[in-house]
Number of protein chains: 2
Amino acid sequence: MSVDANFSLGRVNTALTPQERFEEFMQTRGKRITRQRQVIVDHVTTRHEHFDAEQLLVDLKKTPAGAQASRPTIYRTLNEMVEAGILKKMELDGRAVYEHDYGYPQHDHLYCTSCQKLIEFSSEELTKLRNAVAETHQFRAQGHRLIVSGICFDCRSKRGTSRHQDRV
Amino acid sequence: MSVDANFSLGRVNTALTPQERFEEFMQTRGKRITRQRQVIVDHVTTRHEHFDAEQLLVDLKKTPAGAQASRPTIYRTLNEMVEAGILKKMELDGRAVYEHDYGYPQHDHLYCTSCQKLIEFSSEELTKLRNAVAETHQFRAQGHRLIVSGICFDCRSKRGTSRHQDRV
DNA sequence: TTGTCTGCAAACACTTTGCACTTTT
DNA sequence: AAAAGTGCAAAGTGTTTGCAGACAA
């Protein structure tokens, strides 16, 4: 149902901060800026890390009383942020993983199947390749997601050990 | 938890039919070839289409009495087939989509966000690119998944019309 | 004030599991 | 006969929704 496609691969309008972009988006939808939305947007946009809804919930629970939000509100707000174009969503092992990428260049990921770590990389060539392929199929590409799975250096080094990292 | 990585990107041991490969795999695990498993493997491997567990269940329900299987058995068997390396699994919009690709060359997909159609394509360049990137990160790539999303030709042509398609 | 938002509990969609019975080997 | 598999119903995940009270505009 999205009406306004805000796609311009490789670079987004960076005149606005993510917070401003979010407010703008909400205003055009007649939605309000509440304390909870504020808290969530701030938390997320000051980090650029990969996270899921549950982690965000837990993180916020650790903060001063007023800076928390319920699970439903978190899910609702994350969806709004995706619509607003300040958050990217991907599915990994059955749950949604988000990443704040407003203003960041297009990139993709290496996914370690041993420790679940995501490593970013970017490649212009990939986008070119993608566009070329799309064209031969008369397909209008709007975005893409490449996930290369395998084993990261750390996990290979620790092989045989039961140690395990918790970075996501 | 997969123990035996059967990776050899770009080409798999094609001396065996998928059915044979599956039997081989099951035998080495001390698992049995039951009527249900047979039915599922046959149905899936004679098609090379994209499907999910629910669709398979419904498809089998339409067949003669003896050729059916329950939902749990379908889920269990699909997982076994993935482990056996004769089926590929990907996540799309929150549910698992499978594709029989044993013996087929490596390929990726264009995903139409309007009609949910998956279009296949393959590109050697992509695999090379992937390997190059992995190497710079000391990452051991085992596989990859690229999904280019956008709008397919059919959907663009029909835009504005109330007609809709039913191809998946 | 008015209409939106929040949080709770309940509902959902998809997938997995415990268990008694059935089937393959 | 022994071991593994099936199907049912129930339990799990992760995510969404209905609704009454709370709150931003």
Side-chain angles (χ1 to χ4, degrees), chain A residues 1 19 22-43 50-61 63 65-84 87 89-98 116 168, chain B residues 1-2 19 22-43 50-61 63 65-84 87 89-98 116:
Chain A
M1 294 294 134
Q19 283 86 346
F22 186 65
E23 285 186 29
E24 175 194 83
F25 173 83
M26 294 304 264
Q27 278 169 15
T28 67
R29 304 271 228 214
K31 295 187 166 192
R32 295 170 180 171
I33 304 295
T34 63
R35 178 180 54 71
Q36 289 87 332
R37 284 177 176 153
Q38 200 107 260
V39 160
I40 294 172
V41 172
D42 285 357
H43 187 96
H50 303 95
F51 65 95
D52 61 23
E54 195 60 30
Q55 263 173 276
L56 178 54
L57 180 69
V58 171
D59 282 3
L60 292 183
K61 278 220 174 94
T63 67
Q68 311 192 0
S70 68
R71 201 189 311 274
T73 296
I74 285 180
Y75 275 100
R76 285 187 280 238
T77 305
L78 289 176
N79 286 336
E80 289 158 354
M81 291 175 73
V82 170
E83 285 186 79
L87 207 55
K89 178 182 188 172
M90 62 189 117
E91 319 219 332
L92 231 46
D93 296 327
R95 97 270 192 215
V97 174
Y98 300 87
Q116 277 68 54
V168 183
Chain B
M1 295 295 131
S2 71
Q19 284 86 346
F22 186 64
E23 285 186 30
E24 177 194 82
F25 173 83
M26 295 304 265
Q27 278 168 16
T28 67
R29 304 272 229 217
K31 295 187 166 192
R32 296 168 181 174
I33 304 295
T34 62
R35 178 179 54 71
Q36 290 86 333
R37 285 180 176 151
Q38 199 108 260
V39 160
I40 293 173
V41 172
D42 285 358
H43 187 95
H50 303 96
F51 65 95
D52 60 24
E54 195 60 30
Q55 263 173 274
L56 178 55
L57 180 68
V58 171
D59 283 3
L60 292 182
K61 278 221 175 94
T63 67
Q68 311 193 359
S70 69
R71 201 188 311 274
T73 296
I74 285 180
Y75 275 100
R76 284 186 281 236
T77 305
L78 289 177
N79 286 336
E80 289 158 353
M81 292 175 72
V82 170
E83 285 186 80
L87 207 55
K89 178 181 186 173
M90 63 188 116
E91 320 221 332
L92 230 46
D93 297 328
R95 98 270 193 214
V97 174
Y98 300 87
Q116 276 67 55

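So that the names make sense, note that chain A is the first sequence line, chain B the second, and so on, each numbered from 1.
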| Euclidean distance, A:L56 CG relative to A:K61 NZ, rounded to 0.5 Å | 11.0 Å
| query | Going from CD on A:E83 to NZ on A:K31, what distance comes out if it is rounded to the nearest 0.5 angstrom? | reply | 6.0 Å
What is the distance, rounded to the nearest whole Å, between atom [atom1] of [X] and atom [atom2] of [N]?
X: A:E91; N: C:dT15; atom1: CD; atom2: P; answer: 11 Å
X: A:Q27; N: C:dT4; atom1: CD; atom2: P; answer: 15 Å
X: A:L57; N: C:dG7; atom1: CG; atom2: P; answer: 10 Å
X: A:M26; N: C:dT6; atom1: CE; atom2: C1'; answer: 13 Å
X: B:Q55; N: C:dC14; atom1: CD; atom2: C1'; answer: 14 Å
X: A:Q38; N: C:dC5; atom1: CD; atom2: C1'; answer: 14 Å
X: B:E54; N: C:dT15; atom1: CD; atom2: C1'; answer: 11 Å
X: A:R95; N: C:dT15; atom1: CZ; atom2: C1'; answer: 16 Å

Where is the tightest heavy-atom contact between [X] and [Y], given as atom of each residue plus distance?
X: A:A96; Y: A:K89; value: CB-CE, 3.7 Å
X: B:A53; Y: B:I74; value: O-CG2, 4.1 Å
X: B:A67; Y: B:V39; value: O-CG1, 3.2 Å
X: A:I40; Y: A:A69; value: CD1-CB, 4.1 Å
X: B:R71; Y: B:L57; value: NH1-CD2, 3.4 Å

Just jot down the side chain to side chain donor-acceptor pair (under 3.5 Å) partners of [X], sequence neighbours excluded, or say none.
X: A:D42; answer: A:Q19
X: A:T63; answer: none
X: A:D59; answer: none
X: A:D52; answer: A:R95

| message | Please list all pairs meeting side chain to side chain donor-acceptor pair (under 3.5 Å) that have one or both residues in residues 32-41 of chain B, counting only residues at least two apart or in different chains. | response | B:R37-B:E80
| request: Walking along DNA chain D from 5' to 3', note the first and the last nucleotide with an atom under 4.0 Å from a heavy atom of chain B, and give both. | output: D:dA3 to D:dA9
| field | Partner set under ring pair (Phe, Tyr, Trp, His ring centres under 6.0 Å) for B:F51, not counting sequence neighbours | value | B:Y98
Identify the pairs formed between an N or O of the protein and an N or O of nucleotides 21-25 of chain C at a distance under 3.5 Å, and give each distance.
from	atom 1	to	atom 2	distance (Å)
C:dT24	O2	B:R32	NH1	2.9

| request: Please list, by residue number, the residues of residues 69-79 of chain A whose heavy atoms come closer than 4.0 Å to an atom of DNA chain D; answer none if no residue qualifies. | output: A:R71, A:P72, A:Y75, A:R76, A:N79
| Inter-axis angle, terminal five-pair segments of the helix from C:dT1-D:dA25 to C:dT25-D:dA1 [nearest 10°] | 30°
